[in-house]
Amino acid sequence: MAEPTLDHLTIGDERVPVVSTTSLVIGTGSAGYCAAERLAGFGAGDVVMVADKIRAGASRNAGSDKQTYYKLTLSGSEPDSVRSMAETLFSGGSMDGDNALAEAALSARCFYHLIEAGVPFPANHSGEFVGYKTDHDPRQRATSVGPFTSKSMVESLESRVRGQDIPVIGNCRLVDLLIDDGEIRGALFLRTDVGGARNAPQEEDPVETNVGEAPAPEPQGTLVERLAQETSRFLLVHARNVVQATGGPAGMYADSVFPHGQWGGAGAALRNGARGHNLTEWQFGMASIKPRWNVSGTYMQVVPRFVSTNVDGGDEREFLADVISDPNQLASLVFLKGYQWPFDIRKARDGSSLVDLLVYRETVMRGRRVFLDFRSNPVGDLDASSIDEQARNYLERAGVADLAGTTPIQRLRHMNEPSYQFYLGRNPGVDLERDMLEIAVCAQHNNGGIAVDDWWHSAVVEGLFPVGEAAGAHGVYRPGGAALNSGQVGATRAAQYIAAHRNDSPMAEGFDAVAGPRVRSALALLDAAVARFRSGAEDNTGSLITEVTKLMSRNAGLVRSRQSVIEALEQVTRWLADYDEMIVVDDSSRRSVNRLFLVHDILTSQFVYLHAMKDYLDRGGNSRGSVLYTDPSGDLPWPEQDLGLTEEFRFVLDSGALDGVTQEVDWDGTGEPQFSWRDVRPIPSDDDFFENVWRTFRSDRGVPARRS
C-alpha cells in the first residue's frame with residue numbers, strides 16, 4: 001500500500017504537520033477498522049486512521065450480559081429473506097428504505113467477513129450459525145459471542161488492519177472537519193499527547209478497558225514515527241475522503257452507559273455543514289454506572305431487588321414496592337426488562353418500562369441513588385406459579401423456578417456465570433455476592449446522526465462518509481444488535497463507493513486557504529483561554545463539562561417537556577455564545593487543553609440536538625421510541641391504577657403519524673439550525689432479473705455513480 005505523505009503548514013509560529021492521504025478514517029471502533037480494512041482490500045489507495053484514544057470507544061468497551069449482533073437468519077427451517085429483514089428494519093418508523101435494504105442485503109456478507117476475521121460466532125455441528133429473537137425482531141436473526149461481541153469484532157478487524165500496515169495515529173481529538181464548498185478537504189486534530197509543562201505528570205480522562213487487556217502497543221510505521229518527532233499541538237490531515245467513525249455524541253449526557261473515553265464528534269460535522277438526521281431518536285436503558293454496563297438480559301431475568309438510598313447511602317428503601325404492591329406482578333415486570341431492556345414508551349402504558357420511569361424518578365427527580373441487590377429477593381412472597389407466563393416458562397427451563405427458595409445471585413450464577421464474573425473483573429470490581437450495584441437510566445445509543453444515502457455517503461458533503469453510530473441510518477425503533485450490523489454494512493458500502501469513484505489523491509490547490517483559518521481559530525481560542533488562566537482565573541473545563549452534561553440528562557433525557565427542552569436550549573445557547581470569553585485553560589494540563597475543544601464539540605451537538613427536539617414538538621410530535629414527552633392532556637402510566645406519579649409523567653402516545661417522514665437539519669455554525677421534513681425513501685424495488693442485473697454489473701460492478 002502507498003505511504004501517505006507528511007508535509008507542514010506554518011501559521012505564525014506554529015509549524016503544523018500535514019498528512020496527505022486518499023482516505024482518512026476517524027475512529028478505531030468496529031466500524032472504523034472495518035472501513036480501513038475494506039478500503040485496503042478494495043484497492044482504494046492509501047489509508048490513514050486517526051483516533052482520540054485507540055483503546056477507547058463503545059464497540060471495544062461496551063456490552064451487556066449477551067451482546068447481540070443482528071443479521072439474516074442462517075440456520076434452521078424458519079423462512080427468511082433479504083426483503084423480509086429490510087421490512088423489519090423499515091417498520092421501525094422514520095427509516096429510509098434503501099438503507100434498510102442495504103443492511104439486510106449485506107448482513108450475511110458482513111457477518112461471514114467477521115467470522116473469517118476470527119470472531120467466534122457459535123455454529124452447530126452442521127455449520128449453521130444459530131440465532132435467537134431480540135427486541136423488535138419477528139425472526140431468530142440475533143446471535144452473540146457473549147458480553148464482548150463488539151470487542152471481539154474490534155480486535156479481529158484491528159488485527160487485519162495492523163497486518164496491512166495501515167498507519168493508526170492515536171491521541172488526536174477531532175477539532176474540525178475541513179469542508180469547502182460542499183466537499184470534504186480533510187480534518188484538524190488536537191494532539192493530546194503533545195504540550196503541557198515539561199516533566200509534569202499529566203492527568204488523562206479515564207478510559208475503561210476490558211479485563212486482562214494488555215496496554216495498546218504503539219502503532220509502528222514510518223509516518224507514525226515521524227509524527228512522534230513533531231512538536232505542534234495540532235495535526236492536519238488532507239484527504240480526498242473522510243470516513244467518520246467517531247460513534248454517537250456520547251459526551252452529551254451525564255447519565256450515560258457509553259464508556260469513559262468515548263465522546264463522539266458530531267459537533268465537528270454539524271457546525272461545518274453536514275446534515276443531521278433523526279437527531280431526536282435516542283435510546284435509553286438501565287445501566288450500572290461504576291462500571292458503566294447495560295444491566296439487561298439475565299441481570300433482570302433473575303429478578304433482583306431494587307433499592308434506593310439518599311446520597312450518603314442511608315435511608316434504604318425498596319421503592320418499586322411502594323408503587324406495585326403485588327410482589328409477583330413486580331417480579332414479572334422486572335423479569336420482562338431482560339427481554340425489553342431499552343425504555344419503550346409503548347410499554348410504559350401498562351408494561352415493563354414503568355420500571356425505568358420509577359428509577360428515573362428516584363435518581364433525577366428525587367436526587368436519590370438506586371441499586372440492584374442480588375443478595376435477597378424483592379419484598380413479599382414470590383410464587384413462580386403466579387408470575388407472568390413467559391417468565392415462568394423461562395425460569396422453569398433454566399432450572400430456577402423456585403423463586404422463594406433461591407436468591408437472585410444464586411439464580412444469576414446458575415443461569416449465566418460469566419455475567420457474575422464480569423463485575424468481579426472490572427475496575428472498579430463489584431462482587432454481586434456481597435455488594436449492591438448502583439444503576440441509573442442512561443443514554444445508550446443515538447439512532448440518529450449525520451444524514452447518509454444508501455452508500456453511507458453524506459447527503460450534502462461530497463467525500464464525507466459517516467459510518468457506525470455517527471451515521472443517521474436508523475429509525476425510531478430498531479432490532480437489538482442492528483447497530484453492529486449497520487456499522488459493518490455502512491463501512492463496506494462506503495469503501496466500495498470510494499474504491500469505485502473517489503480513488504484518487506486529494507486536490508492540493510486551495511487546501512492551505514481552507515485549513516489556515518481553522519488552525520488560526522483554534523490557536524486563538526487556546527491562547528485566549530490560557531491567558532485568562534495566567535491572569536488568575538481558575539481552570540473551569542472540568543466543572544463546565546459536568547454542568548453541560550448534567551443539564552442534558554435533567555432536561556432532555558428519558559423524560560422531556562417543551563419547557564425543559566427550551567430551558568436547556570437557552571442555557572446551551574448562552575454557553576456557546578460566550579464560550580470564547582468564558583473558558584479558562586491550564587496549558588500545563590493536557591487534559592484541560594483537550595477539554596477546551598471537547599466541551600465546545602459537546603455544546604455544539606447539544607445546541608443542534610435541542611433545536612431538533614423543539615422542532616419535533618413544534619411539528620406535533622408525541623411520545624415515541626425511547627422518550628416520554630410530557631403532555632398535560634395525556635394519561636399517566638398505568639392509568640387504571642393510582643401509582644402516585646406526578647404530572648411530569650403524563651404523555652400522549654405517538655400514533656405513527658410521523659413514521660413515514662423524517663426530520664433533517666442543516667446548520668452553518670451561525671444563527672439557528674434550519675429544519676425540513678421529507679418522506680422517507682421507500683424500500684427499492686430493483687430489477688432482480690438475472691440477465692439485466694448481470695449486464696449492469698459488468699459495467700458498474702454494482703456501484704453506480706452518485707445520483708444528483
Side-chain angles (χ1 to χ4, degrees), residues 70-73 79-110 136-139 141 274-281 446-461 465-467 471-479 482-483 485-490 492-494 496-497 612 615-616 619-622 624-625 654-666 675-690 692-693 696-697 700 702-708:
Y70 191 69
K71 46 99 185 94
L72 196 69
T73 304
D80 200 358
S81 69
V82 167
R83 187 80 182 192
S84 176
M85 180 174 169
E87 288 171 349
T88 298
L89 294 167
F90 186 65
S91 69
S94 298
M95 182 176 187
D96 285 313
D98 50 3
N99 292 119
L101 185 60
E103 289 185 12
L106 270 72
S107 68
R109 176 179 182 175
C110 291
H136 312 306
D137 172 32
R139 303 280 192 272
R141 298 180 178 130
R275 179 171 292 165
H277 177 82
N278 276 352
L279 300 186
T280 59
E281 303 309 317
N446 186 204
N447 282 356
I450 306 304
V452 295
D453 66 11
D454 56 336
W455 292 94
W456 273 252
H457 198 172
S458 164
V460 293
V461 180
F465 295 84
V467 300
H474 301 296
V476 179
Y477 294 97
R478 61 174 178 82
N485 173 62
S486 179
Q488 298 300 291
V489 171
T492 300
R493 296 278 281 185
Q496 284 180 292
Y497 191 91
D615 179 73
Y616 174 77
R619 181 80 176 188
N622 292 311
R624 70 175 185 177
D654 172 63
S655 64
L658 298 179
D659 283 359
V661 295
T662 185
Q663 181 203 61
E664 295 190 326
V665 55
D666 293 286
F675 289 89
S676 60
W677 291 75
R678 63 164 174 82
D679 292 340
V680 296
R681 301 189 295 264
I683 299 176
S685 298
D686 291 334
D687 183 1
D688 59 0
F689 183 67
F690 181 82
N692 293 341
V693 173
T696 303
F697 183 82
D700 66 12
V703 189
R706 184 166 181 146
R707 298 184 291 271
S708 59

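Counting from 1, the numbers follow the sequence of the chain as shown. Remember, predicted model here, so these are calculated numbers, not experimental data.
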Chemist: Locate the shortest heavy-atom distance separating Ala612 from Leu279; write the atom from each residue and the value.
Modeler: CB-CB, 4.0 Å
Chemist: Could you tell me if the side chain of Asn485 sits less than 4.5 Å from the side chain of Met85, heavy atoms only?
Modeler: yes
Chemist: Compare every heavy atom of Pro704 with every heavy atom of Trp455, then report the nearest pair and how far apart it is.
Modeler: CZ2-CD, 3.7 Å
Chemist: Quick one: CZ on Arg681 to CG on Asp454, what's the gap to the nearest 0.5 Å?
Modeler: 6.5 Å
Chemist: CG/Asn446 to CD/Glu281 distance, rounded to the nearest 0.5 angstrom?
Modeler: 9.0 Å
Chemist: Rounded to the nearest 0.5 Å, what separation is found between the CH2 atom of Trp677 and the CD atom of Glu664?
Modeler: 10.5 Å
Chemist: How close do Asn99 and Ala473 get, counting heavy atoms only, and between which atoms?
Modeler: CB-O, 4.4 Å
Chemist: Would you confirm whether Asp666, through its side chain, and Ala274, through its main-chain N or O, come within 3.5 Å as a donor-acceptor pair?
Modeler: no
Chemist: Could you tell me which residues satisfy side-chain hydrogen bond (donor to acceptor under 3.5 Å, both in side chains) with Arg478, sequence neighbours excluded, listed by chain and number?
Modeler: Asn447
Chemist: Run the numbers on Ser486 and Glu103 for side chain to side chain donor-acceptor pair (under 3.5 Å), then give the verdict.
Modeler: CA-CA 6 Å; Ser486 179; Glu103 289 185 12; 2.8 Å; yes
Chemist: Can any side-chain N or O of Thr88 pair as donor or acceptor with the backbone N or O of Asp137 at less than 3.5 Å?
Modeler: no
Chemist: For the pair Arg139 (side chain) and Pro79 (backbone), establish whether a donor and an acceptor sit closer than 3.5 Å, ignoring hydrogens and angles.
Modeler: yes
Chemist: What pairs with Asp659 under side-chain contact (heavy atoms from CB on, under 4.5 Å), at least two apart in sequence or on another chain?
Modeler: Arg624, Asp654
Chemist: Can you measure from CG (Asp615) to CZ (Phe675) and round to the nearest 0.5 angstrom?
Modeler: 5.0 Å
Chemist: Does Asn278 have any side-chain hydrogen bond (donor to acceptor under 3.5 Å, both in side chains) partners at least two apart in sequence or in another chain, and if so, which?
Modeler: Thr662
Chemist: At their closest point, which heavy atom of Thr73 faces which heavy atom of Asp80, and how far apart are they?
Modeler: OG1-OD2, 2.8 Å
Chemist: Look up atom CZ in Arg83 and atom CG in Asp688, then write down how far apart they are to the nearest 0.5 Å.
Modeler: 9.5 Å
Chemist: Is there a side chain to side chain contact (heavy atoms under 4.5 Å, CB included) between His277 and Asp96 once you walk through the steps?
Modeler: CA-CA 11 Å; His277 177 82; Asp96 285 313; 3.8 Å; yes
Chemist: Can you name the closest pair of heavy atoms from Pro466 and Ser458 and give their distance?
Modeler: CD-N, 4.0 Å
Chemist: Regarding Ser84 and Arg141, do their side chains bring together a donor and an acceptor under 3.5 Å, going by distance alone?
Modeler: yes
Chemist: Run the ring-ring contact (aromatic ring centres under 6.0 Å, His included) test against His457 and tell me which residues pass, sequence neighbours left out.
Modeler: Phe465, Tyr497
Chemist: Return the set of residues passing ring-ring contact (aromatic ring centres under 6.0 Å, His included) with Phe690 (not counting sequence neighbours), or none when no residue passes.
Modeler: Trp694
Chemist: According to side-chain hydrogen bond (donor to acceptor under 3.5 Å, both in side chains), who are the partners of Asp700, at least two apart in sequence or on a separate chain?
Modeler: none
Chemist: First locate atom CG of Leu106, then atom CD of Gln496, and finally report the distance between them rounded to the nearest 0.5 Å.
Modeler: 6.0 Å
Chemist: Are any non-hydrogen side-chain atoms of Ser655 and Asn622 less than 4.5 angstrom apart?
Modeler: no
Chemist: Can you name the closest pair of heavy atoms from Leu89 and Pro479 and give their distance?
Modeler: CD2-CD, 3.7 Å
Chemist: Check step by step if side chain to side chain contact (heavy atoms under 4.5 Å, CB included) holds for Val489 and Trp456.
Modeler: CA-CA 9 Å; Val489 171; Trp456 273 252; 4.2 Å; yes
